[in-house]
Protein chains: 2
Amino acid sequence: MARKPADQSVNREDILLAAAEVLRRNGYEATTMKDIAAQVNLTAASLYHHFTNKDSLLLAVLEGGLEQVIEQMEPILASEQSCAFKLRQMIRVHITSLTENTAVGAAMVFEVRPLMAFRPPPRNGNQFDAEAAEDFIRRRDTFFARRDYFENLFRRVVREGVDRGEFQTENATILVKTMLGAHNWVAIWYRETGPLTGEQIATLIADTFLRSLQPKG
Amino acid sequence: MARKPADQSVNREDILLAAAEVLRRNGYEATTMKDIAAQVNLTAASLYHHFTNKDSLLLAVLEGGLEQVIEQMEPILASEQSCAFKLRQMIRVHITSLTENTAVGAAMVFEVRPLMAFRPPPRNGNQFDAEAAEDFIRRRDTFFARRDYFENLFRRVVREGVDRGEFQTENATILVKTMLGAHNWVAIWYRETGPLTGEQIATLIADTFLRSLQPKG
DNA sequence: TTTATAATCTAATCTTGATTCGATTAAATT
DNA sequence: AATTTAATCGAATCAAGATTAGATTATAAA
C-alpha cells in the first residue's frame, strides 16, 4: 500500500539541510520558500508536499539540530568518568557539532526568536485552522522544553562536579549560561577557512572553562 | 534660518529607542515601519522624514548602541590599573550596558546579520540610486570596523596582561571571542524580573574569566 | 498491467509592507 | 505679519511572497 519514495526524489532531510543553508545566509524572515526550494531544485509549491508551512519547516530544522546534539550528549553524561572529563567531552561535542554544520548551528542561535514570535498565519477565508496552530504551538513548546533539558545536562555535570569537590563555582546556572553563550557564539564567527579547526577551538574553550572551575585557583 | 525642532515633536533618538524595542520583539525583517511608527505615535510615512529607509534606521540603532559602549570602554583602557582590574571593569561595563538596555543589546546580537544581507533596494523605475546604496554600504562597513575595534579593545588588555605576567592564556583571540559570546548571550537570556541584577551577573562572569586567566591556576 | 499514492509543477490568490507623493499644520526667523 | 522649513499625515503605488488549487507524472505494490 505505502510506497517507498523514489531514490532521486527530494526527501525531508534534503530540504532541512538546504533550508539551514539558506537560513544562514538570509535569516528566517528574509528567506523565501522559493529560496529554499531553489536550493533543492524544486518549486516553492512543492515544499508544501513535505511541510505544512514555513514555520513548521523552520521548526523541523531546529528540532533536528537540537536532537542530534542531545543524542551525543547523553552517553557522555551517563559515563563513569570524572566530571572534568565529562564536561570537556560535552563542550567538545557541542562545539564541533556547531562547526561541522555551521548552517544548522547558526540557525539554532538566530532562528529561535522567529519561532517565538509566532503570529497566527493569515486566515483562509474564515476557516479556523486553530487546530493546526495549536499543534504548532505544542510542538514549539516541546522544542523549548528540549532546549531547557539540554542546558540542564550541562548544569548537572557542573553541579555534580561541585558536589564531588572537583569543581568550584559560585553559581552553576550562570556559569552554564556563560559557557553556552561562548559555544553558540562560535557558530557565528567560525569560518571553515579560518586558522583553527572546530576541534582546536573546542579544546581552547574547554581549557578556559575548566581552568576556571578548578578549585584552589 | 534653521529651525529648532519643537519640543513635543518626535526626534531621532525617540525613534531609535522605539525601534530597538520593537526589534527585540519581532526581529528586523518581521518588524514593519508601521510597528516602529506606532511605538512613537506616528505613521509609517513620517519615519521617512527622519530616516531615509528601513535599513538606515536599523543601522542607526546599532551604531548608537556600539558607540555608547565604546565610549565607556576607552577610559578604562587608558587608566593606570592592573590588567585584571581593567578587564574586570570592561566586562562589567559591557554586560551592564546590555542589561540596562536589553532592547539595543539584543539588537546588537541579532540584527547584525540583516545588515550584512543587504540587498539593493527595489529600483524606482530605472533611476540608479546607486549613490545612496554606496553610502549605506560605506556606513555599514564603518560599523563593522568599529565592531572589530571594540573586540580589539578586549584583546589588547588580555595581551597586555599576558605580557605583564598577570594573565595566562593560550590564545587571546579565541579567549576574547569566548568572552564576548558569553556577554552577548546575556542580552538574550537576561530578564529584568530575574533573580540577579546586571551588576551581579557581570561580577559572576568576570570572576569566571579572571579565575581562568590567573596564572599558576 | 492496473491502481493508488507520492512528488512535482504552473498558475492563481490574496495580503502585507516598504516607499513615494502631495497636501497640511506648526513653529521659528525675519 | 510674512516666510521658510520641520513634522506629519492619508492615500496611492508597486512588488514580493506565502499559500492554495488543479493538473500531471512517476513509481511501487497488487
Side-chain angles (χ1 to χ4, degrees), chain A residues 1-15 18-19 22-23 26-59 114 117-129 132-133 136, chain B residues 1-15 18-19 22-23 26-59 114 117-129 132-133 136:
Chain A
M1 223 159 212
R3 214 196 100 219
K4 205 184 75 180
D7 283 355
Q8 82 296 352
S9 69
V10 171
N11 64 29
R12 243 181 116 84
E13 268 312 302
D14 296 333
I15 297 177
V22 181
L23 246 22
N26 303 337
Y28 179 66
E29 303 286 354
T31 294
T32 73
M33 291 299 267
K34 200 173 159 192
D35 291 337
I36 298 173
Q39 187 87 1
V40 284
N41 294 310
L42 288 183
T43 61
S46 299
L47 293 181
Y48 287 83
H49 181 68
H50 301 274
F51 297 91
T52 63
N53 56 31
K54 195 184 170 191
D55 284 318
S56 148
L57 174 44
L58 167 63
L59 186 44
F118 175 62
R119 290 162 293 287
R123 293 263 150 281
N124 344 344
N126 59 359
Q127 196 180 312
F128 280 119
D129 44 5
F136 178 81
Chain B
M1 223 160 213
R3 215 197 101 218
K4 204 184 75 181
D7 282 354
Q8 82 297 352
S9 70
V10 171
N11 63 29
R12 241 181 117 84
E13 268 312 302
D14 296 333
I15 297 177
V22 180
L23 245 22
N26 302 337
Y28 179 66
E29 303 286 353
T31 294
T32 72
M33 292 298 270
K34 199 174 160 193
D35 291 337
I36 298 172
Q39 187 87 1
V40 284
N41 294 310
L42 288 184
T43 61
S46 300
L47 294 181
Y48 288 82
H49 180 68
H50 301 274
F51 297 91
T52 62
N53 57 29
K54 196 184 169 191
D55 284 317
S56 147
L57 173 46
L58 167 63
L59 186 44
F118 174 62
R119 288 163 293 287
R123 294 263 151 282
N124 341 346
N126 59 0
Q127 198 179 311
F128 280 120
D129 44 5
F136 179 81

Assign [X] to base, sugar-phosphate, or nothing according to its heavy-atom contacts below 4.0 angstrom with the strands shown.
X       : answer
B:Thr31 : sugar-phosphate
A:Thr43 : base
B:Asn41 : sugar-phosphate
B:Thr32 : sugar-phosphate

Any [X] side-chain nitrogen or oxygen under 4.0 Å from OP1 or OP2 of [N]:
X       : N      : answer
A:His50 : C:dA6  : no
A:Ser46 : C:dC9  : yes
A:Lys34 : D:dG17 : no

**Report entry** Among D:dA11, D:dT20, C:dT19, the one nearest B:Ala44 by side-chain distance
**Finding:** C:dT19
Report task. Report the nucleotide, chosen from D:dC9, C:dT10, C:dT20, that has the shortest atom-to-atom distance to any side-chain atom of B:Tyr48. Result -> C:dT20
Protein-nucleotide distance ([X], atom [atom1]; [N], atom [atom2]), rounded to Å:
X       : N      : atom1 : atom2 : result
B:Leu58 : C:dT19 : CG    : P     : 12 Å
B:Lys54 : C:dT19 : NZ    : P     : 8 Å
B:Glu29 : C:dT16 : CD    : P     : 18 Å
B:Asn11 : D:dT8  : CG    : P     : 9 Å
A:Asn53 : C:dC14 : CG    : P     : 19 Å
A:His49 : D:dT25 : NE2   : C1'   : 13 Å
B:Leu47 : C:dG17 : CG    : P     : 14 Å
B:Asp55 : C:dG17 : CG    : P     : 16 Å

Report task. Would you verify whether the NZ or CZ of A:Lys54 falls within 45 degrees of the ring axis of A:Tyr48 while also being under 6.0 Å from that six-membered ring's centre? Result -> no
Requested in this report: Can you measure from NE2 (B:His49) to CD1 (B:Ile15) and round to the nearest 0.5 angstrom?
Outcome: 9.0 Å
**Report entry** Approximate separation, where rounding is to 0.5 Å, of A:Thr52 OG1 and A:Leu57 CG
**Finding:** 9.0 Å
**Report entry** Short side-chain to backbone donor-acceptor contact, B:Tyr28 and B:Asp55, under 3.5 Å
**Finding:** yes
Requested in this report: Using atom types as modelled and distance alone, determine if a side-chain donor or acceptor of A:Ser46 lies under 3.5 Å from a backbone N or O of A:Leu42.
Outcome: no
